[in-house]
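Okay, so here's the structure we're looking at.
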Amino acid sequence: MFDTLTESFRNTIGKIRFSDDNKALSRACDELKKSLLNADVHHKVVKNLVASVEIKTKQLGIGKENLLKVLNNELTDLLTVTGNQGFVFASKPPTVVLMSGLQGSGKTTTTGKLAYFLKEQKKKKVMVVAADLQRLAAVEQLRQITTQVGVELVADENMKAEEIVKLALARADKELYDVVLIDTAGRLAIDDELMSELSRIKEIAAPDEIFYVADSMTGQDAIKTAITFKEKIGISGVILSKFDGDSKGGVALGLAEQVGVPLRFIGNGEKMADLEQFIPERIVSRLMGAGDIASLAERTAAAIDPKEAKRVTQKIKKGTFSFNDFLEQLESMKKLGSMKSLMGMIPGMGGMAKQLGEMDMDNSSEIRTIKSMISSMTKKEREDPSLLTNSRKRRIALGAGLGQVEVNRAIKQFDSAAKMAKQLSGKNGMKQMQDMMKQMQGGGGFGQMGRR
Ligand code: GDP
């Protein structure tokens, strides 16, 4: 996320050799302007931002440190408009959220992601309501997604949208749901019928929030439609979907100022875990190359059960880490979302996220091989890798439809991973890990640059 912007900020500031005069400052500001325009930030937003960065740096005293400080503040201001940040719960549950958006924008997927976020990270009881009853395919899609996420769906193809919303809200009250997400109808374009349907549902549901889901790949159009929705039905936040596409990030930067409501979440992948809260301070920290440890910690805390982590660490230390443990670990890794989105949160690792591309924990060929291999093992073999004699390996290869060479390689990989984990969990493990991270980080981000 924000690879292009982060990189262009890094390049811009990195290039400047300050001689601490007006000329150097205006050169730096020109570079900044160019990189923001390149990232598709709206030209008016760029103009205002760069002008105030220039003025305020002069006031503070021209120099690299001050420029960085001012840029940091101005970016944070730019992203912060009045309104809620991230997800805000109503003082009295359930928190009712109306999800709106054009067809194909990613509204249904985003509703599922939001339900997943609330259930897994916030530990809330979530109900999803299908108020888009005209398109049967839409209800079916929502049914699949809510089943996958494991949250309640209220849908009835024979009822009107308004009726089902009333019914669902009454149930949510009685059954003490924390959050109700109402998925409304989408259309290919904005029309009066859509707006009047949304207004009717809004009246009945009296929602705490109305989110507008916009496809970030549509660039400035995403902003335009958000403004129309704001004028016609009064949205309280925007969620930008498909940010992992070739979007350069500029839309996210200008959105709050242009639309006048905060950007609340960003969808950056097709998986349910690929949704991030948009908290201005955290985003700016990431843009400046300083990472976003707070979000990383939240995500790992939700995915990793401390008791389970302790159990696994004990097994690793004893050298009794089994194939079953491995499968369980893979499952919990999935909850963390894509590797790429995680890397972007680690200070100085943003650049690496880009290199990783779409590396997928679930679908890499190594992981698939190991998974099918494990599925052909007996219960005992899964618990005790040392049982795997040559004849057993042959049987496993046959059962899994793999070559024996592949099976041997996979078992070897598993063995050496388990050994390395054992080493790292030992006395000097932490130091070894740190050394490894340092080597991987190489240059580092802005944080280090400012101090050079
Ligand atoms: P709706 O018509 O607005 O409900 O849109 P859908 O939820 O059906 O999404 C349309 C398509 O966009 C689907 O293929 C989704 O998988 C895809 N999609 C939604 N959000 C994202 C995202 O954040 N990243 C990517 N890559 N695809 C997404």
Side-chain angles (χ1 to χ4, degrees), residues 1-4 97-117 128-149 151 153 155 157 161 181-191 194-195 197-198 201 210-219 221-222 225-226 228-229 233 235 237-249 251-252 255 263-278 283 295 299 334 336-342 344 353-354 356-363:
M1 195 162 87
F2 297 118
D3 299 339
T4 316
V97 182
L98 214 59
M99 302 292 290
S100 66
L102 294 177
Q103 204 171 306
S105 63
K107 179 173 52 66
T108 311
T109 312
T110 306
T111 304
K113 287 178 178 180
L114 206 50
Y116 183 83
F117 166 83
V128 173
V129 186
D132 178 5
L133 295 162
Q134 284 131 354
R135 281 200 314 138
L136 290 186
V139 180
E140 190 43 42
Q141 190 191 357
L142 208 52
R143 191 163 279 135
Q144 277 174 15
I145 288 176
T146 47
T147 307
Q148 184 191 342
V149 173
V151 295
L153 173 71
E157 286 88 338
L181 303 177
I182 304 174
D183 188 33
T184 61
R187 294 278 198 292
L188 289 172
I190 295 174
D191 60 28
L194 171 67
M195 289 303 169
E197 182 173 334
L198 277 175
I201 294 181
I210 301 179
F211 287 163
Y212 176 71
V213 180
D215 179 345
S216 55
M217 311 260 286
T218 62
D221 262 356
T225 50
T228 310
F229 267 74
I233 54 160
I235 56 175
V238 176
I239 301 183
L240 272 182
S241 67
K242 309 185 200 173
F243 209 73
D244 53 311
D246 63 359
S247 147
K248 294 180 189 167
V251 176
L255 191 137
L263 177 55
R264 308 287 288 274
F265 285 88
I266 279 185
N268 57 353
E270 290 192 81
K271 296 221 180 78
M272 287 297 120
D274 294 328
L275 182 77
E276 287 190 40
Q277 297 193 78
F278 191 90
I283 298 296
S295 297
R299 224 199 259 189
K334 261 203 290 193
L336 286 172
S338 72
M339 198 63 177
K340 191 176 170 187
S341 70
L342 287 178
K354 202 167 185 191
L356 269 177
E358 287 310 311
M359 182 173 136
D360 191 331
M361 283 293 168
D362 207 23
N363 268 327

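Indexing begins at 1, ligand by ligand and atom by atom, following the structure's order. Hydrogens, waters and symmetry mates play no part in the numbers below; they use all other heavy atoms, side chains included. All values reported here derive from a predicted model rather than from experimental measurement.
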| query | At a 4.0 Å cut-off, with the gap strictly under it, does some heavy atom of Leu102 reach an atom of ligand 1? | reply | yes
| field | Gly245 near ligand 1 by a heavy-atom separation under 4.0 Å | value | no
Which protein heavy atom lies closest to [atom], and at what distance to 0.1 Å?
| atom | answer |
| --- | --- |
| atom 8 (O) of ligand 1 | Gln141 NE2, 2.8 Å |
| atom 6 (P) of ligand 1 | Thr109 OG1, 3.5 Å |
| atom 28 (C) of ligand 1 | Lys242 CG, 3.6 Å |
| atom 5 (O) of ligand 1 | Gly106 N, 3.1 Å |
| atom 14 (O) of ligand 1 | Glu270 OE1, 4.0 Å |
| atom 22 (C) of ligand 1 | Gly269 O, 3.1 Å |
| atom 26 (N) of ligand 1 | Asp244 OD2, 2.8 Å |

| task | Show your reasoning for whether side chain to side chain contact (heavy atoms under 4.5 Å, CB included) applies to Leu194 and Phe229. | result | CA-CA 11 Å; Leu194 171 67; Phe229 267 74; 4.1 Å; yes
| message | Side chains of Thr109 and Glu270, heavy atoms from C-beta outward: is any pair under 4.5 Å? | response | no
| task | Side-chain contact test, heavy atoms from C-beta onward, threshold under 4.5 Å: evaluate it for Lys113 versus Ile145 and give yes or no. | result | no
Which heavy atom of [X] sits nearest to which heavy atom of [Y], and what is that distance?
| X | Y | value |
| --- | --- | --- |
| Leu114 | Met99 | CD2-SD, 3.9 Å |
| Thr225 | Tyr212 | OG1-OH, 2.8 Å |
| Ile239 | Thr110 | CG2-CG2, 3.7 Å |

| Distance filter under 4.0 Å to Gly267 heavy atoms, resulting ligand 1 atoms | 23 (O)
| Which ligand 1 atoms are under 4.0 Å away from a heavy-atom of Thr108? | 1 (P), 4 (O), 7 (O)
| For ligand 1, is any non-hydrogen atom under 4.0 Å from Asn268's backbone (N, CA, C, O), its side chain (CB onward), both, or neither? | backbone
| request: Record the part of Val213 in heavy-atom contact with ligand 1 below 4.0 Å; permitted values are side chain, backbone, both and neither. | output: neither
| With Phe211, which residues qualify under ring pair (Phe, Tyr, Trp, His ring centres under 6.0 Å), at least two apart? | none
Looking only at distances, can you tell me whether any N or O atom of [X], backbone or side chain, sits closer than 3.5 Å to an N or O atom of ligand 1?
| X | answer |
| --- | --- |
| Lys113 | yes |
| Lys107 | yes |
| Gly104 | yes |
| Gln103 | no |

| Is there a donor-acceptor pair closer than 3.5 Å between any side-chain N or O of Lys107 and the backbone N or O of Thr184? | yes
| message | Determine whether a donor-acceptor pair (N or O, by modelled atom type, separation under 3.5 Å) exists between the side chain of Ser241 and the backbone of Ser105. | response | yes
| task | Quick one: list whatever passes side-chain contact (heavy atoms from CB on, under 4.5 Å) with Gln148, sequence neighbours left out. | result | Met272
| request: Please state whether the rings of Phe117 and Phe265 are parallel, tilted or perpendicular, taking 30° and 60° as the class boundaries. | output: perpendicular
